[in-house]
Each structure stands twice: as C-alpha cells, then as structure tokens.
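If you're wondering where the values come from, they're calculated on a predicted model, not measured in any experiment. Residues: numbered from 1 along the sequence shown.
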Amino acid sequence: MGTYARASEVCACDCPDAAGPWTFSRVLGPQFLPLCFFLLLWLAAPGVRAGGYETCPTVRPNMLNVHLVPHTHDDVGWLKTVDQYFYGIKNDIQHAGVQYILDSVISALLEEPTRRFIYVEIAFFSRWWHQQTNATQEVVRDLVRQGRLEFANGGWVMNDEAATHYGAIVDQMTLGLRFLEDTFGNDGRPRVAWHIDPFGHSREQASLFAQMGFDGFFFGRLDYQDKWARMQKLEMEQVWRGSASLKPPTADLFTGVLPNGYNPPRNLCWDVLCVDPPVVEDPQSPEYNVKELVDYFLNVATAQSRYYLTNHIVMTMGSDFQYENANMWFKNLDKLIRLVNAQQAKGSSVHVLYSTPACYLWDLGGLACPVGHDPALNAPAAVGHSGPATFPVGQPSNATSVCNQLEALVGPAANVGPYGSGESAPLNEAMAVLQHHDAVSGTSRQHVADDYARQLAAGWGPCEVLLSNALARLRGFKEHFTFCRQLNISICPLSQTAARFLVTIYNPLGRKVNWMVRLPVSEGVFVVKDPNGRTVPSDMVIFPSSDRQAHPPELLFSASLPALGFSTYSVAQVPSWKPRARAPRPILRRSWSHPLTIENEHIQATFDPDTGLLMEIMNKNQQLRLPVRQAFFWYNASIGDNESVQASGAYIFRPNQQEPLPVSRWAQIRLVKTALVQEVHQKFSAWCSQVIRLYPGQQHLELEWSVGPIPVGDTWGKEVISCFDTPLETKGRFYTDSNGREILERRRDYRPTWKLNQTEPTAGNYYPVNTRIYITDGNMQLTVLTDRSQGGSSLRDGSLELMVHRRLLKDDGRGVSEPLMENGLGSWVRGRHLVLLDTAQAAAAGHRLLAEQEVLAPQVVLAAGGGAPYNLGAAPRTQFSGLRSELPPSVHLLTLASWGPEMLLLRLEHQFAVGEDSGRNLSAPVTLNLRDLFSTFTITRLQETTLVANQLREAASRLKWTTNTGPAPNQTPYQLDPANITLQPMEIRTFLASVQWKEVDG
C-alpha cells in the first residue's frame, strides 16, 4: 500500500515506565545504561552467536551502532493485480515490477560483500525463483548461506491482522515458510516476524508468531498517540505477552516499533521512485553535499537513539516496490557508510553498517524488556487508525479445509482417479494470497479485488476434481458430482431441475453435528431418505416474491453428520402429491393485539406487533429474558468537514455525525411456521431485509440479512449497521475475539497504556470482530457471532453494533484513489448473525462451539444418481467417518493435510481458554490417543514440530528474554508419546505423521 499516503495506525501495550535512554552527549560520547538493563539471558557462551545469527556483521560495543536495513515492501495486490505487479505491467497505474527488483538486488549484492538485503513476500519470490536458471539459483543459495540475502517473516504474504482468521494466518505462513525450508534449509528460516504495513496489530498475531518460533517481531504502523507515549516512556521495544492462557514464555515475543514506519529517514531515499539528491563526493562539483549529508545523518541518528534503550538503532532503507535499480540505493548507501564511519577518527561515536532485522535483534544484547499485556493493538477504525470498518472476506473457506482433509484421508487416490488429476495446492495458494493486508481488508482497487476472486475460483477447480476422486473412493461408487458454488445465494441448477438426486454432506469437524440442509428446488413435494433408506422429515418454504429465479422454493431437512465424515441422503420428487409448501403469510402492522413469537424447545423470540422488530429473547433452559431491540441503521459517511478534510473510505471509517439514521423505524413482516423451521421475514426497505429463524434443537437465534444495493442517489455515502439494544448495564465494556481465538475486553473511549484524546467517538471505538462480539452485566451475556470479519462496537451501555455494508462516494485519500462503490453482484451482500443469550458463566461453551461450526460449515455435494461401482462387487457406502471416535468438544482438529509422500500435517488445538469451563470442565487439559484415531490410515511415525512445521519441537529454541516480571518458569522436559497427547487451554500442537493408508472397505 502507498508509502507516504498512509497514516500512523494502532498499537498499545501495558508496560511500566523505564529508566533513561542510552544517550549521547553533544560530542556523541556514550552514556552507558545501569547494569540492571543488561539482563538478556543468553544460553550460549559470551561471544558465541546462536544458530541463524553466525553471519551477522561485527558491531562496535562502545558506539551507537546504526543498523541500515535495505528492503522492499511488495504488496501482493493493491493498485495492480498480483501478476501486474510481478511482471511490471500497467506502470501507468503504479511503477512497480517485482521480477526486476529481485534481478537487480541479486546483481547488486554480488558487487560488494558487505551489502545485505531482506525479502518478505514469498508469493512473489517463489514465482521468481522458479523462473531462474540453476546457476542463478546456486548464486542465491550462496547469498542466503552468507546471510547477505535474508528472509524476514517468510509468509506467502504479509497478512492483515484485523480481518484474518487465525487458521488462515497459520496456513499462509506455513506455505511460505515451507518453501524456504525446502529451498534453503535452515539457512533460509526467518528469525524475525516483519509486519511493517498492516493497519494495526492483534495480540493473537503476536501469540502465533511466538508459537511459530520467531525470536522477535517488528512493525511499522501504530496510533500516533500510542507512539508518542511509547517514545516518552522509552517503550518502543518490549516483550509482548500474547496469551492469557498459554504458560509464559510460550506466547511471549520481543516486539519492536520501527522509528520511521518502514520508510527511510527524510531526505535519505535513493530510489528511482524518490527525488532526494544522491551523495556527491566531488568537492569541485557545485552539488557537493558530503559535509551537509553526514552532519544531517549524525543528527538524525542521535535524535532517534533518544527513544531506544541500547546503543543500537535500526533504519529501514527502502519502501514500496523499491530497488528496481538496486545500484542507485547501494551505491549511495556504500558512500554514506564510509563517510559517516570516517568521522570516528574525529571523535564521532556513531558506527553505521549494513544489517538485517535479525542481526539488529541479536545485537540488542543486554536489553531488559518490560512486558506488554495490552489487548488494544487491534486498530480502531478511526482517523489516523487506518483500518476498514467492515471486511468483505473473513474466515478461511471451509472448502479449503474440506479439500485438504479429504486429500489426507484418501491419499494418492484423491489426487489421481476416475475424475482426473486433482490437487489442493492452487486453492491453498489462492487462500494465502487473500490474507494479504490489502486483500482480505478490502483496501485494493476494484479490478484487483476481481482478480482475487478469479484466483479463488481457479483454485477451487482442481479441488472439485480431488473431492470427486476422494468421495468416489470412500463411497465405493462413481457419481457425476455437482458442486453448487452459488448455494449461499440459493442457486443450484441440479437441485432446481432434477426430479431426484443425491445429497452428500461432508462434515470437517472432529465431532458429530446436526445440520439443516437448505436447497433451492422447483415447486412440488419431495421425499428425503437418510443413509439407511429411512424417510426423514422435510419441509419446503416458498418466499413471498413473484421472481422465482431470485427467490426459488427451498427444501429443508436435517442431516446427521458423523465426525470428519459424510452422510448421503436421497431426494425424490413425488409429482402426484399436491404441494404442501409453506409460504410466509403477511402480517399487517397493528393487526395483532399481542406480540408475535417464534420458538423451539430452547429459545423464544418475541416481536413488536406495531413495528415488526425483534423485542425480546428468552433462554428457556436458564429462564432468562432479555429485552433486545434489533434494527438496521446507517451512518452518513463524511466527505470532510470543518474539523478535518478526511473522508470516509476504504481505509477510514469516519461518519458525519455520531448518531446513525434508521433504515426504517418498522418492518413489514411475514411469518413461516413448520415442523422444521419458524421464520419471521422482515422487509425494512427495498434494499434491506432480514429473516430471523429458529430450527428445532437450535440454541441460538439466526438472523440472515440482505443489504444492497445501497442507494446513493441522494449523494450521501452510507455505512450500514445492524444494531442490538438491551437494558444490560455494561459499564462501558464489551468483548471481541482476536482473530477468532482468545477474547479481549474493550472499553469505550479508553486505551490501557496511554491517556486517550478521543477525536472520533464513533470510529475510535470500533474494533475488528472476526467471529464474535458480546456484552455482559456479569450475570447475563448477549453474544453475536458473525460469518465474516466485520467492524463492531458498543457505543452505549447495553448496545452492540456490527457494520454489514458500505457504499461511499468519495475516496479517503489513503492511496487507492477510488471510492468504495462496487457495482454488479458485489453491491448486494447476504450474511448471517447468530445470537446467543446465556448466563455469563455458561456462555463460552455456546459461542466457542458455535463459532467452530460456523467457520467450518459442512460441504454439500450433489449427484444425479445412476453411477457405477468404484470397484466391481463393491457396495456403495452412504455414511463414513474418518475418525474411530469423535474428538472431545474442547478439541478442534485445526489441520489435516497432505505434507508429502506418505506424510501428513496434523494440528490439534484446545479451543477453550483458561476460565471458560462453563460448568462442563471445558477448560481442563485434554489427553488424546493418536495411535488409532483415524480410520483410513495408520500413523507409523509421529514427530512434533513448531506451529508452522519448519522445526522439530525438541530441537527448536528461541532467544530468551528476562523481563520485568522475572525469569520464565522452567519448561517441562519434552517427551512425545502418541498415545498420550495432552492439550492445555488454548494450546495448538503440530505434528508430522508418517502414515500408511488402509484399503477402503466396500
């Protein structure tokens, strides 16, 4: 994203005041820190470098060492598509060509052995690598071995931290780091995480980085108030405690704020994209500038050092898509280093060197670190806090997990079979690209967003072949499988035209689920039979619309799905029967003298007869009643005002006024009541409607909303929210998840580590909501789960709001230069909110398990029937489970994927945090036996690794920091027993399993 167009963003930490800085006198003489600061615990002997740091340059212990870090930041899509950036196409939009950057950097590194460079985005590097000759690849391997080319972060992309789900973060990091491991071995393993451009930073991201084995984490963007407070307290560097559940130092991570974002200091940019004058050493030239430049650099270095605690500082020398002519940069940096260091003969105490983030981290040597616990590094979406308020793509697609799981369960027969060659890699790579901080965040140009969708669709194609091969193998029957890609908007040609068909529903969870299947069909009566041939209850709902193409009738039936497996149901139309479909009947305002209700055995929802709005929810099991008023409102998007020219846009949420306007104060409602569903259809306007429904056995209320196209003919941009108002006394507090994992407390108009000057009372209180947001008075809790990442807040006690859609008329001036005005299908959005009412003590059990099921929803596959046996004499299998016994509710199967010939990647996680027992002991440690857990393969060897599977756990080590909370407790001696795998609360354990696949019965 644009370097100079972006404002500072968000970060905060809970750290005590530190002592004075490592400072310099006016003659640049060092004043050493008290001995108490030199408390870094090194396991190696003095002077011996830890693994991965052996090639770092020598520093001067009694001088201010200025670490120059040459780098480029290459967005994997932003103003141009991924391919346009790589090949240097459409330079009239933005001059950028990644292939030329890498060509030029390699050539420049070979010219001078002291030069160093870091690279980050493996989506680009891997593409470039595969286009090189063997000779060039060997040259690059040498540069990596020598530490002159270093990889930082190492993910496929530099992922967003606000809108991403933790599963997708882990997957994309694993993809990039595996490429580095396979290509360069341990020499290529990054030692530091490097998130210089994402718009704010989440605590969960830090926790994940620590579990991946990183020694440190550097970022560039934070709130300007936070940065000022850190500078004054000398807390630009600290250890971030990333988890309240994991035992330190498991989720502890050294974290540093870069001084200049990720840009070079002012006047020191020597790229073809910059205008700063080069170093001119010829004293005869009228452009001679050595003395001026050296004095300026010394002043900049001294000023920067005042805010850091050691005699080491870092300067990022590069920016967006720089180093296409690397010679320009390196030629001037060579001169700068030589000229500044020459001043040491005149008494200067500044030493400049080429370095890398990892070498800088190593050389911090004696820094004792305050510990930050702050949850508020997630960026509120206010002015100066670049972060979109609503995100169009959130959770990793369940299709990715389904594809990976079936490839693992079936083995090679899934990749090559009767349907051709299929693979999971293209979809995994497409999903990894989508985690980029200008992709999932919605901050790219429209044609780039269209290209992201193209990549996703292209990646799904090979997965369909893989799934067909796998399902045929497991079912023992070859069918013409159909994947209804538009089922989420009620489009499925086979079910809408066929008189009979088969429905196979695959459940990617490690536990059984009951799932209500909804399929668009033609009108008529259908008989549905379960895997054993028994007729199961079914219903059909006809929507109140004359447009049958947009609102076709829907067939409903409940499917019982085994853990990590599928069930196949048959559907047949009975043409001789008269239709018994239930069409919603209109209910006129004021036509009822008492409230309208829908209910099942667990929940009752009551609606106001005058307004048609939800007015109360009752939890029958707990005998809890809570008045809840839900409706849709919209903020008038600012186009700039007397206080600021800042407009609301792709990056910035800035409403024109604090109070939102109602879409409508009442809703036209229609009612559906059948044995399988009760629904209230609400129409607020021509562009805003909602269905509130309850299924039998369901312990939550489902709100399926449809918004768009948002009208802007009145020249007012609109940002639409769903708002829940209750009388709960919440004392300014509300709670959101962090990337779908741990829960963070938020407080209105408050930051835990500095005194906030709140300039945007609405946007400044918005936070990312990846899967859930809730409010509680300590006794009763109202939780709303989302099906995608959205911005959310509680701007008044007892209220919750989530932004569901935006349509804006003006660009916000942050670099995209395009208003958020999508047309076509993207102008209309359908999504779901799931509402839970429970006691505060029991609520975690509900929202944890429901969020897991929402993220990994079952995959529906149809077939016309009439296929052939997979093998002669084999009987079709209509039900299958990949597990011999289902997992306990507190255990989530995070990953089951192919890793190589006869090897699988397996991740298991404890999905409850400490203190979330819910009266069911769900926060207790859980022990599993993996020896005979899976039904289709036998584990012959098990190795435990770090989170991203690039180091064996028993051999992995990280730099250990002594903090102001004291030394970390001793770690339990490591032992691995496949029959005795214990998971602590919030723990993820990762394994590489050598396997032998079994013959599929039937």
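Residues satisfying the salt bridge (charged side-chain N to carboxylate O under 4.0 Å, His left out) test with R116, not counting sequence neighbours, are none. For F214, the ring-ring contact (aromatic ring centres under 6.0 Å, His included) partners at least two apart in sequence or on another chain are F209. In terms of the ring-ring contact (aromatic ring centres under 6.0 Å, His included) criterion, residue partners of W329 (sequence neighbours excluded) are, by chain and number, Y323. A search for side chain to side chain contact (heavy atoms under 4.5 Å, CB included) contacts involving L175 returns W156, E429, A432, not counting sequence neighbours. Scored by the salt bridge (charged side-chain N to carboxylate O under 4.0 Å, His left out) test, R145 finds D142 as partners (sequence neighbours excluded). In this structure, the side chain to side chain contact (heavy atoms under 4.5 Å, CB included) partners of T982, at least two apart in sequence or on a different chain, are P925, T927, N980, Q984. Partners of Y354 according to the ring-ring contact (aromatic ring centres under 6.0 Å, His included) rule, which considers only residues two or more places apart in sequence or in another chain, are F330. Evaluation of the salt bridge (charged side-chain N to carboxylate O under 4.0 Å, His left out) rule for E150 yields no partner, not counting sequence neighbours. Taking W129 as the reference, F125, Q137, V140, R141, F179, T183, F184 meet the side chain to side chain contact (heavy atoms under 4.5 Å, CB included) condition, with sequence neighbours excluded. Under the side chain to side chain contact (heavy atoms under 4.5 Å, CB included) criterion, N341 pairs with I337, Q344, H351, V352, sequence neighbours left out. Residues meeting the salt bridge (charged side-chain N to carboxylate O under 4.0 Å, His left out) test with E204, sequence neighbours left out: R741.
Of the candidates H73, H195, H201, H73 is the only one forming a ring-ring contact (aromatic ring centres under 6.0 Å, His included) with H437. Of the options V300, V314, I313, a side chain to side chain contact (heavy atoms under 4.5 Å, CB included) to P259 is made by V314 and by none of the others. When D74, D438, I196 are each tested for a side chain to side chain contact (heavy atoms under 4.5 Å, CB included) with M158, only one passes: I196.
Ring geometry for F124 against F321 counts as perpendicular: the plane angle is over 60°, on a 0 to 90° scale with 30° as the lower cut. Between F219 and F217, the two ring planes are tilted [angle within 30° to 60°].
At least one donor-acceptor pair closer than 3.5 Å links the side chain of R148 to the backbone N or O of L109. The backbone N or O of Y166 lies less than 3.5 Å from no partner atom in the side chain of N739, so there is not a single donor-acceptor pair. N770 places no side-chain N or O within donor-acceptor distance of the main-chain N or O of H165, the cut-off being under 3.5 Å. Panel note: side chain S305, backbone T302; a donor-acceptor pair is recorded below 3.5 Å. The main-chain N or O of S243 is never found under 3.5 Å from a side-chain atom of S245 such that the two would form a donor-acceptor pair. A distance-only check finds no donor-acceptor pair linking the side chain of H892 to the backbone of Q911 [under 3.5 Å]. A donor-acceptor pair is defined here as one N or O able to donate and one able to accept, closer than 3.5 Å; such a pair exists between the side chain of T72 and the backbone of Q322. A distance-only check finds a donor-acceptor pair linking the side chain of S104 to the backbone of A326 [under 3.5 Å].
Rounded to the nearest 0.5 Å, atoms CD (E161) and CD (Q205) are 4.0 Å apart. In this structure, the separation between OG1 on T164 and CD1 on I169 is 3.5 Å, given to the nearest 0.5 Å. Rounding to the nearest 0.5 angstrom, the gap separating the OH atom in Y53 from the CG atom in L361 is 5.0 Å. Atom OG1 of T736 and atom CD of E742 lie 12.0 Å apart (nearest 0.5 Å). Between R60 atom CZ and N311 atom CG the span is 12.5 Å, to the nearest 0.5 Å. To the nearest 0.5 Å, atom CG of residue L180 and atom CZ of residue F151 are 5.5 Å apart.
Residue pairs meeting the salt bridge (Lys or Arg N to Asp or Glu O under 4.0 Å) criterion with at least one member in residues 945-956, sequence neighbours excluded, are E944-R953.
Of all heavy-atom pairs between N260 and P265, the closest is ND2-CG, 3.8 Å. Between L246 and A251, the shortest heavy-atom distance links the atoms CD1-CB, 4.1 Å. Among all heavy-atom pairs drawn from C359 and P57, the shortest one is SG-CD, 3.8 Å. Contact between A913 and P985 at its shortest, heavy atoms only, is C-CB, 4.0 Å. Between I118 and H71 the shortest heavy-atom distance is CG1-CB, 3.5 Å. Nearest heavy-atom pair, A210 versus R958, reported as atom, atom and distance to 0.1 Å: O-NE, 3.6 Å.
Residues Q211 and T946 have side chains that never bring a donor and an acceptor to within less than 3.5 angstrom of each other. For the residue pair R907 and T174, a side-chain donor N or O sits within less than 3.5 Å of a side-chain acceptor on the partner. Checked by atom type, the side-chain pair E181/N950 shows no donor-acceptor distance below 3.5 Å. Using modelled atom types and a 3.5 Å distance limit, the side chains of Y360 and N65 yield no donor-acceptor pair. Counted by atom type alone, H312 and H67 present one or more donor-acceptor pairs between their side chains at under 3.5 Å. Side-chain contact, N404 with N428: a donor N or O sits under 3.5 Å from an acceptor N or O.
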Practice item. Decide yes or no on side chain to side chain donor-acceptor pair (under 3.5 Å) for D160 and S441, but give the supporting numbers first. Key: CA-CA 7 Å; D160 187 62; S441 60; 4.8 Å; no
**Study point:** V350 and V340: CA distance, side-chain angles, deciding distance, side chain to side chain contact (heavy atoms under 4.5 Å, CB included) verdict
**Key:** CA-CA 8 Å; V350 174; V340 172; 4.2 Å; yes
**Study point:** Evaluation steps, side chain to side chain contact (heavy atoms under 4.5 Å, CB included), between T255 and F218
**Key:** CA-CA 6 Å; T255 304; F218 294 95; over 6 Å; no
Exercise for review: Start with the C-alpha distance between V120 and W194, add both sets of side-chain angles, then the distance that settles side chain to side chain contact (heavy atoms under 4.5 Å, CB included), and finish with yes or no.
Suggested key: CA-CA 8 Å; V120 177; W194 182 258; 3.4 Å; yes
Check your understanding: Could you walk me through whether Y307 and R230 pass the side chain to side chain contact (heavy atoms under 4.5 Å, CB included) check?
Key -> CA-CA 8 Å; Y307 303 109; R230 286 174 183 264; over 6 Å; no
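Under a 4.0 Å N-O distance rule, the pair R191/D215 does not qualify as a salt bridge.
For the pair L68/L333, a side-chain contact is recorded, criterion being any heavy-atom separation below 4.5 Å from C-beta on.
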